[in-house]
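Remarks on the structure that follows.
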Protein chains: 2
Amino acid sequence: MSANSRLTIAAHTLTWIGLYQRRGHEVATSEQIATSVNTNPVVIRRLLGELRKAGLVDSRRGAGAGWMLSRDLASITLLDVYQAIESGPVFALHRAAPDPGCVVGHGIGPVMTAVYDDVEAALRGELAKTTLEDVLRDVLKVA
Amino acid sequence: MSANSRLTIAAHTLTWIGLYQRRGHEVATSEQIATSVNTNPVVIRRLLGELRKAGLVDSRRGAGAGWMLSRDLASITLLDVYQAIESGPVFALHRAAPDPGCVVGHGIGPVMTAVYDDVEAALRGELAKTTLEDVLRDVLKVA
DNA sequence: TCTAGTCGTAACCATATTTGTTACAACACT
DNA sequence: AGTGTTGTAACAAATATGGTTACGACTAGA
């Protein structure tokens with residue numbers, strides 16, 4: 001499967017901003033975050049742009065610019081983050097429609113869709129269990 | 001996310017073979033299956049090769065060759081199929097290791113790993129609930 | 001033994017997604 | 001006015017999936 005690190009990077013980014021703000025700073029720059037994540041600042045800015053659309057962060061431009069959380073870490077679950085950045089489903093149906101003249105080809109679509117709906121619901125339910133506050137607490141525990 | 005139709009195609013393929021055998025045929029060819037799935041026979045053969053490694057199907061070569069189920073539809077869950085064909089995890093950690101000198105960069109890995117383990121367990125648990133016998137029954141219901 | 005049909009697999013291409021990178025205009029604080 | 005950062009476009013690299021052609025390996029049956 002196309003291993004996808006977007007959720008990891010997003011959680012890292014938000015947790016970093018949260019900790020940075022908790023230490024008294026107003027805004028965090030994409031440059032600072034990129035250093036911790038070990039990637040390019042543009043990657044962080046792109047991701048933060050999506051998180052802003054979802055209302056999780058806000059940004060300030062000009063000199064002394066940067067990013068800040070819109071909501072408290074405790075009120076943001078990994079499901080919120082996931083929904084902000086993941087577009088498509090985990091599993092897809094056929095790329096090209098199967099033979100409608102075949103019993104299986106005709107009926108398999110709705111059946112698999114029902115299964116995938118349940119799977120995604122389970123996945124979302126699991127992600128909803130963890131808040132970024134939980135993540136930060138456990139991160140500090142590791143260190 | 002890179003929408004992945006492999007599980008759909010695999011379930012379609014196995015269900016097709018199961019129904020075909022139930023109608024009195026001994027083996028199914030990749031050509032027949034590919035017609036129902038609407039793809040190239042090589043794609044089916046590649047997938048069936050992985051399913052054979054997992055012990056779900058077997059093949060016969062030479063004239064009158066083809067594929068047959070190794071186990072009954074009722075004894076194969078979608079989790080069995082998933083594990084036979086999916087290699088990597090749904091979510092990945094950082095591509096490049098984050099800054100170990102940063103508290104978040106240092107601790108985020110283990111924390112997200114724990115979350116992802118729970119998510120995958122939930123996903124697998126959901127897939128384990130459905131057997132290919134269930135799939136075939138529902139497919140016939142749709143038609 | 002020959003023939004025909006199918007598997008098994010390699011090789012290659014097309015497409016899509018993610019990630020990394022450079023570049024630069026827009027913006028706002030000092 | 002100068003400076004630092006966002007916002008965004010453009011492009012390249014890497015990876016995964018899916019489709020296609022090609023061909024040797026194999027075996028049932030003529």
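Since the model is a prediction, treat every value here as computed from it, not as a measurement. Chain letters run A, B, ... following the sequence lines, proteins first, then strands; residues in each count from 1.
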Review point. Just by protein heavy atoms under 4.0 Å, how would nucleotides 20-26 of chain D read 5' to 3' in B, S and -?
Key: BBB-BBB
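- The existence of a salt bridge linking Lys129(A) and Glu126(A) is confirmed by a sub-4.0 Å separation between a basic side-chain nitrogen and an acidic carboxylate oxygen.
- Every residue meeting the side-chain contact (heavy atoms from CB on, under 4.5 Å) condition with Ala11(A), not counting sequence neighbours, appears here in chain and number order: Leu78(A), Leu132(A), Met112(B).
- Using a 4.0 Å cut-off, some side-chain N or O of Ser59(B) falls inside it from OP1 or OP2 of dG8(C).
- In this structure, the CG atom of Leu93(A) is 12 Å from the P atom of dG18(D), given to the nearest Å.
- Residues Ala10(A) and Val81(A) share a closest heavy-atom pair of CB-CG1, 3.5 Å.
- Contact annotation: Arg52(A) reaches the phosphate of dG7(D) (side-chain N/O to OP1 or OP2, under 4.0 Å).
- The distance between atom CZ of Phe91(B) and atom P of dT18(C), rounded to the nearest whole Å, is 12 Å.
- Between Glu120(A) and Arg124(A) there is a salt bridge, since at least one side-chain N of the basic residue sits less than 4.0 Å from a carboxylate O of the acidic one.
- Atom-to-atom, NE2 of His94(A) to C1' of dT17(D) comes out at 15 Å; the value is rounded to the nearest Å.
- Look at CZ on Arg60(B): it is 11 Å from C1' on dT6(C), rounded to the nearest Å.
- Atom-to-atom, CG of Asn4(A) to P of dA16(D) comes out at 13 Å; the value is rounded to the nearest Å.
- The distance from atom CG of Leu47(A) to atom P of dG20(C) is 11 Å, rounded to the nearest whole Å.
- If you take CD of Glu31(A) and P of dG4(D), they are 12 Å apart, rounded to a whole angstrom.
- Between the side chains of Thr8(B) and Tyr116(A), at least one donor N or O lies within less than 3.5 Å of an accepting N or O.
- Counting non-hydrogen atoms under 4.0 angstrom, Gly66(B) reaches the backbone sugars and phosphates but no base.
- Residue Thr29(B) places its side chain closer to dT6(C) than to any other of dT6(C), dG8(C), dT18(C).
- Looking at Arg71(B) and Glu133(B), no side-chain N of the basic residue comes within less than 4.0 Å of a carboxylate O on the acidic one, giving no salt bridge.
- Phosphate proximity of dG18(D) to Ser5(B): present, with a side-chain N or O under 4.0 Å from OP1 or OP2.
- Protein atom CG of Leu48(A) is 15 Å distant from nucleotide atom P of dT5(D), rounded to whole Å.
- Here the side chains of Thr131(B) and Leu73(B) are not in contact, with every heavy-atom distance at 4.5 Å or above.
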